[in-house]
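One structure is given here, and the rest of the page talks about it.
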Number of protein chains: 2
Amino acid sequence: MKAPASAPTTGSPASPQEPRWLTDEEQRVWRWFMEGATLLDDHLDRQLQRDAGMPHVYYGLLVKLAEAPRRRLRMTELAMLAKITRSRLSHAIARLEKSGWVRREDCPDDKRGQFAVLTDEGLHVLRQTAPGHVEAVRQAVFDRLSAEQQKSLGEIMRIIAEGLQPAEAGADLPWLR
Amino acid sequence: MKAPASAPTTGSPASPQEPRWLTDEEQRVWRWFMEGATLLDDHLDRQLQRDAGMPHVYYGLLVKLAEAPRRRLRMTELAMLAKITRSRLSHAIARLEKSGWVRREDCPDDKRGQFAVLTDEGLHVLRQTAPGHVEAVRQAVFDRLSAEQQKSLGEIMRIIAEGLQPAEAGADLPWLR
DNA sequence: GGGCTCTCCTTGAACTTTAAACAAATGGCC
DNA sequence: GGCCATTTGTTTAAAGTTCAAGGAGAGCCC
């Protein structure tokens with residue numbers, strides 16, 4: 001799907017080395033993966049845009065804040081938890097601030113630092129929209145999979161995720177993971 | 001992760017019905033899913049942006065065109081295959097046209113219609129960059145999963161994808177799926 | 001303290017995506 | 001033929017994301 005099918009099997013490897021093409025079976029897996037992931041993310045994005053007035057990623061930010069100690073997190077910490085760049089987070093928080101769901105606060109210890117703080121209004125939106133969102137996730141994913149499949153899915157995605165975590169990520173931030 | 005943990009189990013269902021919250025275990029699965037999918041897509045996006053000068057979705061469009069009969073597809077057909085809106089496709093093709101990798105062609109049968117055609121140059125870029133891309137996919141996914149896991153992953157994602165396919169999609173387009 | 005490097009976060013421009021509105025062509029129906 | 005709903009693809013503007021650059025404070029070494 002994403003790449004030409006199996007390889008024209010060669011004898012000795014050439015200089016740039018014969019690419020390890022995907023087999024037909026691997027291609028099928030890969031195609032379903034991309035298709036499922038795309039459709040799911042688009043679906044949840046539309047659901048949240050409609051019901052909560054924000055994209056999926058922004059919703060995820062509010063959730064992280066809601067779970068944090070005083071409903072607040074340092075920008076860098078939030079960025080790492082949400083797996084997005086600080087730049088993207090800056091823009092996102094600016095938008096959420098404009099919507100009144102998050103406010104910024106200076107960090108007393110470090111004058112460079114900023115906290116993103118979930119406002120009462122933000123918490124309210126989250127409470128209002130969480131049920132609908134969980135239901136959407138359930139209908140799209142959990143309702144359709146057996147207990148075994150759910151377990152597999154978790155393991156598989158954990159493996160993939162951990163493989164892509166920049167090795168040093170969080171190594172020096174003990175309070176992460 | 002995406003939603004508060006398990007439910008304050010109620011006796012009788014309330015009016016808007018007690019939300020079917022995710023259990024802790026489901027939450028873990030869901031968190032790894034989102035995290036893995038996000039990291040993987042970002043990773044491949046960066047890989048292709050760096051090596052091919054285009055985002056992952058655009059690369060996917062070139063692949064679809066390369067696999068199509070005369071390296072060409074109607075806009076609507078391509079949009080359905082790639083699971084994107086026609087609007088998005090219009091913009092994408094405009095960009096790819098500017099890069100010289102795709103050209104538009106009028107449809108003789110239907111004056112509204114347009115074909116997107118993969119140019120020789122486009123095919124060349126694809127050939128150049130496919131090996132690197134497959135390798136990236138392999139390293140991030142297939143090299144890390146057992147045969148069993150690969151099979152599970154395919155099945156699971158197929159189930160999710162098919163559940164989200166608008167039911168009528170392609171029903172009237174027999175040449176699709 | 002002075003100088004150096006690194007970290008924290010923001011900014012602006014370029015690019016991509018979304019959503020809504022639209023023109024043109026088709027196809028069916030009378 | 002004439003009308004009307006639908007399909008096809010594009011366009012516009014607003015929203016979101018990426019990339020490279022930069023200001024400002026912290027940390028360290030002398």
Side-chain angles (χ1 to χ4, degrees), chain A residues 38 41-50 52-61 72-80 82-99 102 104-117 168-173, chain B residues 38 41-50 52-61 72-80 82-99 102-117 168-173 176:
Chain A
T38 303
D41 202 48
D42 290 357
H43 178 68
L44 296 179
D45 247 332
R46 274 192 303 278
Q47 185 266 316
L48 283 170
Q49 192 67 58
R50 174 165 50 74
M54 69 189 122
H56 194 185
V57 178
Y58 288 24
Y59 182 86
L61 295 176
R72 78 194 52 213
L73 286 169
R74 289 285 296 269
M75 294 295 279
T76 296
E77 190 176 355
L78 180 49
M80 299 187 80
K83 266 74 196 174
I84 63 176
T85 63
R86 276 183 300 210
S87 169
R88 186 173 175 181
L89 181 61
S90 268
H91 291 295
I93 292 296
R95 184 311 203 162
L96 289 171
E97 206 171 17
K98 205 176 299 185
S99 302
V102 168
R104 284 182 223 247
E105 226 171 80
D106 290 341
C107 175
D109 307 340
D110 185 339
K111 286 181 185 164
R112 297 167 302 178
Q114 289 276 104
F115 282 105
V117 186
E168 74 288 353
D172 47 344
L173 283 343
Chain B
T38 302
D41 203 47
D42 289 358
H43 178 68
L44 295 180
D45 247 332
R46 274 193 303 279
Q47 184 266 317
L48 283 170
Q49 191 68 58
R50 174 166 51 74
M54 67 188 125
H56 194 185
V57 178
Y58 290 23
Y59 183 87
L61 295 176
R72 76 195 53 213
L73 286 169
R74 287 286 296 268
M75 295 295 280
T76 296
E77 191 176 354
L78 179 50
M80 299 188 80
K83 266 76 195 172
I84 63 177
T85 63
R86 280 185 304 235
S87 170
R88 185 173 177 184
L89 181 62
S90 266
H91 291 295
I93 293 297
R95 193 287 211 178
L96 290 170
E97 204 169 18
K98 204 176 298 185
S99 302
V102 168
R103 107 183 92 80
R104 286 183 221 248
E105 227 171 80
D106 291 340
C107 176
D109 307 341
D110 184 340
K111 286 180 186 164
R112 296 166 303 179
Q114 289 275 103
F115 282 104
V117 187
E168 74 288 353
D172 49 343
L173 282 345
L176 279 181

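All values reported here derive from a predicted model rather than from experimental measurement. Order of the sequence lines sets the chain letters (A, B, ...), proteins ahead of strands, with each chain counted from 1. We use all heavy atoms of the structure for the numbers below, so side chains are in, but hydrogens, waters and symmetry mates are not.
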Taking every non-hydrogen atom, the tightest pair across A:M75 and A:A116: SD-CB, 4.1 Å
Could you grab the distance from atom CG of B:L78 to atom NZ of B:K83, nearest 0.5 Å is fine? 11.0 Å
Nearest whole Å is fine: how far is [N] [atom2] from [X] [atom1]?
X      : N      : atom1 : atom2 : answer
A:K83  : D:dT17 : NZ    : P     : 17 Å
B:L78  : D:dT8  : CG    : P     : 14 Å
B:D106 : D:dT8  : CG    : C1'   : 13 Å
B:D109 : D:dT7  : CG    : C1'   : 15 Å
A:L48  : D:dA15 : CG    : P     : 18 Å

Is there side-chain contact between A:C107 and A:R74, with at least one heavy-atom pair below 4.5 Å?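 Yes. Closest side-chain heavy atoms under 4.5 Å.
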Residues two or more places apart in sequence or in another chain: which of them pass salt bridge (charged side-chain N to carboxylate O under 4.0 Å, His left out) with B:R104? B:E97
Any chance you could lay out the side-chain hydrogen bond (donor to acceptor under 3.5 Å, both in side chains) test for B:S90 and B:R86, step after step, and finish with the verdict? CA-CA 6 Å; B:S90 266; B:R86 280 185 304 235; over 6 Å; no
What does nucleotides 9-18 of chain C look like as a protein-contact string, B for base, S for sugar-phosphate only, - for none, at under 4.0 angstrom between heavy atoms? BBBB---SBB
Pick one: which of A:E77, A:E105, A:Q114 meets side-chain hydrogen bond (donor to acceptor under 3.5 Å, both in side chains) with A:R72?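 Among the candidates, only A:E105 passes.
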Find which nucleotide of DNA chain C each of A:D110 and A:R46 is nearest to by heavy atoms, and output the residue with the more 5' nucleotide.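 Counting from the 5' end, the first nearest nucleotide belongs to A:D110.
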